[in-house]
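Written out below as structure tokens is the structure these notes cover.
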Amino acid sequence: MKVYLIALLACFSLHQASAQEASLSVTGEVTHPLQLTAAGLSKMKRTTVALKDRDGKEHKYTGVTIPEILDLAGVTTGKQLRGENLTKYMLVKCADGYEVLFSLAELDTSFTDRTAILADQLEGGPLPAGKGPFRLVVPGEKKPARSSFQVTEFIIRFAK
Amino acid sequence: MVLLLIACLAGTGSIWKQGPPRPYKVEYPSYFGNRINIPEDNPLTEEGVRLGRMLFYETALSSGNRISCASCHKQELAFTDGLQFSIGVDGTPTPRNSMSLANLLWVRNFFWDGRAEGLEKQAETPLTNPHEMGQALAISAQKLQQSPIYPALFRDAFGSNVITDNKIVKALSQFERTLISSNSTYDQYLRGEYQPTASELNGITLFFDPGGAGCGHCHGGPKTFSELFHNNGLDSIPEDAGRKAITGQEYDNGRFRVATLRNIALTAPYMHDGRFKTLEEVADHYSDHIQASATLSPFLENRQKLTMQEKKDLVAFLHLLTDSTFITDKRFSNPFK
């Protein structure tokens, strides 16, 4: 019985180790490094934006605005985004190795009217396989190349 | 005791015999970009690279002294071995195809699954894996320490003739970072020194044009390499989980490195499992045989089929990526011959 229990526990720990929950980390020039899961994101203030995808049609994506996430991590946003902080950028990393970059000012509501979000829903449902669980959605760009799929990291750095 | 005696005779310490190592200048075209990777604690030096080259061809780094890095990474094949799977010291085939070593200066995460961050970490695996070179680095260090030539070479490169695990992988990494292939016929075309045929020109357009075959979407830019990992539709249920085995993420199932296409005509067979023997088979795969799955790269969904001529043109372009000077460059050849 004891042997069975040990074997069962061993299987459980192996399962725990191999199946990892997808998450987004926010690191670098932050005061509170973050590790956001789907559950954590769903509890934050939700925003819906429209994005014209590669199919040429507009689709509604729902998630959390990037400034909201950056605020939670203690990134310099809003009134703090001045002086040398304007040389900061956000490097977005995706599961497949794809990377794109934004200056912080490009994403900040005190500089721009557009609302970039980290989306976890498309038209009220989950994101399609290959694009989720988290997609960066950047409305107002002529092509969606920076609206990256399967985002895993936001890294905030100073340009040097 | 013997080791100690040898160490004493060789004169340990951190005194350079002929001054500190000289910086090694890597040269590459501006269109490769400068997003290169050289760790701060392992700058390239003439002495380090020279030592690394010797270690690359050194069979004493393997159990039984029969194979070296070069056994599976032969210069004439752009540092591959022409086999589907390589055979290590114990006769066991490796689980994946031997990768070409070209333009590693731009690579950040190594192996087909990207598990090793940096060449220094990468080097440890084939050296110590029981099915590859099969020898602990500490044993390799001991063997080299007893050699009549290596202590002095390590002193010249690292300031001390005490040979360590760390210095072995550092020197190897320095040499591998110098393996730059940038004089292919395609490079000559980019420099205005070669006029491609109509078929080759069409191949270039098909390769890079998103409205064509769109290969450049992942094999981007003149380097034909981006640090990406994709499921390229080889199987609907991948036998090899690829990157998923490293990250534990379901979305990485069947994902593998998007390999460089530099010298691709020399590096058959193709894919992580060497399943395709020819470039024509590869072109057929991407045109006609992409297998759908939950983790298939979205960029490979609903692709337009290529005509026979388009496939020929693409393959003609891929042959332009052969760099005959790279595979004959004496700086990269076996120094013991």
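Per chain, numbering begins at 1; letters A, B, ... match sequence-line order.
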Interface moiety of B/Phe299 toward chain A, non-hydrogen atoms closer than 4.5 Å:
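Side chain of B/Phe299 only, per the 4.5 Å heavy-atom cut-off to chain A.
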Please output the residues of residues 121-157 of chain A in contact with chain B, using a heavy-atom cutoff of under 4.5 Å, in numerical order.
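The list, in residue order, reads A/Ala129, A/Gly130, A/Lys131, A/Gly132, A/Pro133, A/Phe149, A/Gln150, A/Thr152.
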Taking heavy atoms only and a threshold strictly under 4.5 Å, list by residue number the residues of residues 94-113 of chain A that touch chain B; give 'none' if the list is empty.
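Contacts with chain B: A/Ala95, A/Asp96, A/Gly97, A/Tyr98, A/Glu99.
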Heavy-atom neighbours of [X] [atom1] exceed 12 at 6.0 Å:
X        : atom1 : result
B/Glu117 : CD    : no
A/Arg114 : CZ    : yes
B/Asn302 : CG    : no
A/His32  : NE2   : no

Who are the side-chain contact (heavy atoms from CB on, under 4.5 Å) partners of B/Thr178, not counting sequence neighbours?
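Residues passing side-chain contact (heavy atoms from CB on, under 4.5 Å) with B/Thr178: B/Tyr24, B/Leu44, B/Val49, B/Phe175, B/Phe332.
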With B/Thr307 via side-chain contact (heavy atoms from CB on, under 4.5 Å) - residues at least two apart:
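For B/Thr307 the side-chain contact (heavy atoms from CB on, under 4.5 Å) partners, ignoring immediate neighbours, are B/Gln309, B/Glu310.
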Search all heavy atoms of A/Arg54 against all heavy atoms of B/His217 and return the closest pair with its distance.
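Distance-wise, the nearest heavy atoms are NH2-CE1, 4.4 Å.
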